[in-house]
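Take a look at the structure set out below.
Here is the naming used below: chain letters follow the sequence lines, and residue numbers restart at 1 for every chain.
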Protein chains: 2
Amino acid sequence: MVLKVRKKVTALPGCPMSKCMDLLGGCWTPEVLWSLSEGPRRFSELRRDCPFISAKVMTSRLRDLEQRGVLSRKVMPTSPPTVEYALTELGKELLPAIRSIVDVGTRLLLRDPTP
Amino acid sequence: MVLKVRKKVTALPGCPMSKCMDLLGGCWTPEVLWSLSEGPRRFSELRRDCPFISAKVMTSRLRDLEQRGVLSRKVMPTSPPTVEYALTELGKELLPAIRSIVDVGTRLLLRDPTP
DNA sequence: TTTTCCAGTAACCAGATGGAAACTGCCAAC
DNA sequence: GTTGGCAGTTTCCATCTGGTTACTGGAAAA
C-alpha cells in the first residue's frame with residue numbers, strides 16, 4: 001500500500017480534503033500514524049510494525065510528519081540512544097480519518113476476502 | 001492535493017488499511033469520488049468540479065476506478081455522446097472514509113485557517 | 001573478541017506517473 | 001463556414017521518490 005504526495009503541490013486554499021490529505025498523504029503515512037495511534041513508539045518498534053517500509057522512507061516520513069507538527073520526536077539520553085515518537089494533538093485529530101479508512105477496509109475484506 | 005499509488009504494489013493480504021487505500025489511493029482519487037458522492041456526473045462536469053486535474057489523469061483515474069469496480073461508466077447514445085459516471089455499491093462503501101477525511105480537514109481548517 | 005542492536009545517513013538507480021500541449025471526430029448552433 | 005462543446009487520446013518530458021545497499025559509532029551481550 002503505497003501512498004505518495006508531491007511536495008510542490010500544497011493544499012488548495014480552503015479545501016478541507018486538501019488540508020487533511022496534505023498531512024495524511026505520503027507513502028506509508030497512514031500506516032505510521034496507525035502504529036502510533038496506540039501510544040508512543042520507538043524507531044525500531046515502528047520498523048517492526050511496518051517491515052515493508054524501508055528505513056529510508058520511514059525516516060523521511062517521520063521527519064516530514066515532525067516538521068508538520070503531526071508527531072513529536074524525543075531522543076532519550078540512553079546508550080545506545082533510543083528515540084521516541086508520539087502523536088501530537090494535531091496528530092490525534094487525524095485519527096478519526098485513519099480509523100474510518102481501517103473500518104471501511106475491514107468491511108471490504110469481509111465482503112471480499114481475497115487479498 | 002496529490003495522492004499517488006504505485007500499481008506494482010498490491011494490497012497487503014488481509015490488511016484492512018491496505019485494502020481500502022488500494023481503492024482510495026491514486027492521484028486525485030478522493031476528489032473524484034467526492035464529486036461523485038452526490039450522484040452521477042458526466043465527464044465534463046467532473047472536469048469542472050476539479051479543474052486542477054488534467055484530462056489525462058482524470059481519464060486514467062476514471063478507467064482505474066471503473067476497472068476496480070468502484071464506479072460505472074455509461075455511454076449515452078446522444079450526439080455528441082455523453083458519458084455518465086456513477087459510484088457502484090462498492091464505491092459507496094468508500095464514502096464513510098472520504099467523509100471522515102473531509103470532516104477532519106474541516107476541523108483542521110477551523111483550528112488553523114491558513115491555506 | 002566478535003556480533004548485535006540502536007537510529008539513522010549517503011549514494012545511486014529505475015520506474016512510475018503526472019503535466020502540458022496538441023490532436024481527434026462528430027454534431028449543433030451561430 | 002467556423003466556432004464550440006463533448007469525451008477523450010497521444011506524445012514527450014521532467015521529476016519525483018521509493019528501493020537497495022553499504023556505512024556510521026558506541027555500548028552491551030555472547
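For the pair A:Arg111/B:Leu90, a side-chain contact is recorded, criterion being any heavy-atom separation below 4.5 Å from C-beta on.
For the pair A:Ile53 CD1 and D:dT17 C1', the computed distance is 15 Å after rounding to whole Å. Put simply, CG on B:Asp64 is 11 Å from C1' on C:dT17, counting in whole angstrom units. Summarising the geometry, the separation between CD on B:Glu31 and C1' on C:dG18 is reported as 14 Å, rounded to the nearest angstrom. Atom pair A:Phe52:CZ and D:dT20:C1' shows a separation of 18 Å (rounding to whole Å applied). Computed from coordinates, the B:Arg61 CZ to C:dG19 C1' distance equals 13 Å when rounded to whole Å.
Close to C:dA7, at under 4.0 Å from its OP1 or OP2, lies no side-chain N or O of A:Arg48. An OP1 or OP2 oxygen of D:dT17 is reached within less than 4.0 angstrom by no side-chain nitrogen or oxygen of A:Trp28.
Between A:Glu45 and A:Arg48, no side-chain nitrogen of the basic residue sits less than 4.0 Å from a carboxylate oxygen of the acidic one, so the salt-bridge criterion is not met. Look at B:Glu84 and B:Arg73 and you find no salt bridge, because none of the NZ, NE, NH1 or NH2 atoms lies under 4.0 Å from a carboxylate O.
Across all their heavy atoms, A:Met58 and A:Leu46 have their closest contact at CE-O, 3.5 Å. Among all heavy-atom pairs drawn from A:Leu33 and A:Leu95, the shortest one is O-CD2, 4.3 Å.
Here the side chain of A:Arg47 pairs no donor or acceptor atom with the backbone of A:Phe52 at under 3.5 angstrom.
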What string of B, S and - do you get for nucleotides 7-13 of chain D 5' to 3' if you count protein non-hydrogen atoms under 4.0 Å? SSB-BB-
